[in-house]
Amino acid sequence: MVIKKDVIIIGTGFAGMGAAMKLRQSGREDFVILEKAHDVGGTWRDNTYPGCECDIPSHMYSFSYELNTDWSKSFSGQEEIWAYLRKVADEQGIRPYISFGVEVTGATWDEDQKVWTIRTNGEDYQARVLIAGVGGLHIPNVPEIAGADSFEGPKFHSAQWDHSVDLKGKKVVVIGTGASAIQFIPIIAQEVGQLTVFQRTAAWVLPKKDKPTPEWRKKAFAAIPGAHRAYRNALYWSLEARAIAFNGHLNVLPLAEKIVKRELAKSIPDAELRAKLTPDYRLGCKRVLQSNTYYPTFLRDDVELNTDGVREILSDGVIDNNGVKHPADIIIYGTGFHVIDAFDYLDIKGKDGVDLAAQFRDNGVETYLGMTINGFPNLYFMLGPNTALGHNSVVFMIEQQTKFIIRMLDEMDRRDVAAADATKEAQSAFNVEIQRLVEKGIWTQGGCTSWYLDSQGKNRTIWPKFTFQYWWETRKIKGSDFAWERAA
């Protein structure tokens, strides 16, 4: 049996639910959301490691049309954000449109019928439009290390935290010091017996201005018309200003770098340890992190920072590249996610059976507006290539994308066509401009190698402009940028 719908959405994180809300608001009810888990939430459902929280202020990291006046603090934690998403699903009436426990395994475009056939772990689906709200932070990156399978103790990635494992008094090795690691390391350090942290590259770690939200402010937001919206707008522009430093104006960065180095010197009096924690690249080249507790953690006698690298894992420990053994009862990977190469895990075939993963590997990861791809009609990626941010809230980008998709559906109806395929020329022009700008930005000029880059060394992750420019570029449909196709 094949289940037929006009639109299919994959995932129930911010992207998937944002798309569902806009479809309903536009009067389009013929859709289903396919969710592999048994509740909504995406990243904020799956990541339950200690200390998991957002690094964008809560009042911006939320839907502009589903404001929450009751955030408990400046930067909310995983449980609070997940609760917000569950509340949105309930209040917006999204749950009846969700098929839980359905994992998408692939999709194929039928050129004759102008529909996508979506394969799952159960029944197949057909839809005119396919919206992938899977995001880029959902496939854990576990490095291949010699001897890893021989380790006899528990080992897991931070995104798959094993809460059944008791860390108390144990020898724990953490491999990696990314965004998740700097959040859970200070917390588990208070519990474990000995903690060894393997750092490949030092991170820029800014102080986090995180404070409880005063009750009077919550009441004011709820009682005074426009107060909450004005506060959110002020937050937006203060965050937006950070893009100035990243988008080619590198002379602005020394001030922020000085703040970090001052905080580091204040926190770490030992010169040798401070040198290990000091980045050798410009701020913003890799993801900028925020914490008030990360640096002080390394002052503890039971915490060791190792910068020699991992050579091998044994049954009871880890050997560094100097041949020194570090005993371990538990290994935790804080090594991030497959981002650019996440497309390698997709089985999507477009016109003439072209495989999307192979196309991206051979020709580079290129899209039109970071959403849709020539040769793959009616397919939209939420937070696709070059639409992630290093300075503001990705929820803003999601909202612009959902509005663009609705405009595309309206335009297809107006033209009485079954499919819209971005032209090669429009896609190429978009990518040429994006790459011109990222080459001027800190991600290319900053002297580092990061997960922002693909195998060809090109930044396929970050949006290199202001976010209001993305709003501007997606506010209207440029008809000449698409081939409009009628059904056979």
Side-chain angles (χ1 to χ4, degrees), residues 9-22 24-25 33-101 133-135 137-138 158-164 179-180 183-184 187 208-223 227-229 231-232 235-236 239 290-291 337 382-383 392-399 402:
I9 302 168
I10 306 173
T12 60
F14 272 100
M17 292 220 292
M21 278 191 278
K22 279 300 175 187
R24 292 203 68 204
Q25 289 171 12
I33 312 174
L34 305 181
E35 171 54 62
K36 64 182 178 181
H38 294 280
D39 202 351
V40 303
T43 294
W44 297 102
R45 174 199 61 231
D46 296 340
N47 284 265
T48 60
Y49 61 82
C52 179
E53 62 183 21
C54 194
D55 55 7
I56 292 293
S58 306
H59 290 282
M60 265 307 299
Y61 198 81
S62 48
F63 293 112
S64 65
Y65 33 81
E66 270 294 319
L67 297 181
N68 177 28
T69 62
D70 206 35
W71 293 114
S72 65
K73 58 176 187 168
S74 306
F75 298 87
S76 295
Q78 173 263 335
E79 289 187 0
E80 193 170 10
I81 298 173
W82 186 27
Y84 166 78
L85 286 170
R86 297 199 303 271
K87 180 182 177 184
V88 168
D90 293 334
E91 293 184 349
Q92 289 287 329
I94 294 172
R95 286 190 186 273
Y97 297 86
I98 305 172
S99 291
F100 289 108
V134 294
L137 303 179
H138 68 107
S158 61
Q160 299 165 330
W161 197 274
D162 189 343
H163 292 277
S164 69
S180 301
Q183 293 182 341
F184 71 74
I187 294 178
K208 195 166 192 176
K209 298 178 180 179
D210 194 11
K211 297 179 180 179
T213 305
E215 286 301 317
W216 66 263
R217 181 176 293 169
K218 294 181 186 179
K219 292 177 181 177
F221 286 160
H228 194 193
R229 183 74 60 185
Y231 182 79
R232 180 187 167 95
L235 266 180
Y236 170 80
L239 293 172
Q290 299 176 64
S291 175
F337 299 85
M382 307 292 290
L383 291 184
N392 211 326
S393 172
V394 292
V395 182
F396 178 90
M397 301 293 277
I398 287 169
E399 291 189 1
T402 57

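Screening Phe75, Trp44, Tyr84, Trp71 against Tyr61 for a side-chain contact (heavy atoms from CB on, under 4.5 Å) leaves a single residue, Trp44.
Taking CG of Asp55 as the start and CG of Asp210 as the end, the distance is 11.0 Å to the nearest 0.5 Å.
With sequence neighbours excluded, no residue forms a ring pair (Phe, Tyr, Trp, His ring centres under 6.0 Å) with Phe100. Not counting sequence neighbours, Lys219 has no partner by the side chain to side chain donor-acceptor pair (under 3.5 Å) test. Among residues two or more places apart in sequence or in another chain, the ring pair (Phe, Tyr, Trp, His ring centres under 6.0 Å) test is passed with Tyr231 by His59, Phe221. Shown here are the ring pair (Phe, Tyr, Trp, His ring centres under 6.0 Å) partners of Tyr236, two or more places apart in sequence or in another chain: Phe396. With sequence neighbours left out, the side chain to side chain contact (heavy atoms under 4.5 Å, CB included) criterion links Pro212 to no other residue. The side chain to side chain donor-acceptor pair (under 3.5 Å) test applied to Gln160 returns no partner, not counting sequence neighbours.
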Trace of the side-chain contact (heavy atoms from CB on, under 4.5 Å) decision for Gln92 with Arg24: CA-CA 9 Å; Gln92 289 287 329; Arg24 292 203 68 204; 5.5 Å; no
side-chain contact (heavy atoms from CB on, under 4.5 Å) assessment of Lys208 paired with Glu53: CA-CA 12 Å; Lys208 195 166 192 176; Glu53 62 183 21; 2.8 Å; yes
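Annotation: side chain of Ser64 is in contact with side chain of Arg229 (closest heavy-atom distance under 4.5 Å). Looking only at side-chain heavy atoms (C-beta outward), Arg86 and Asp39 come within less than 4.5 Å of each other. Between Ser62 and Arg232, the closest side-chain pair of non-hydrogen atoms falls below 4.5 Å.
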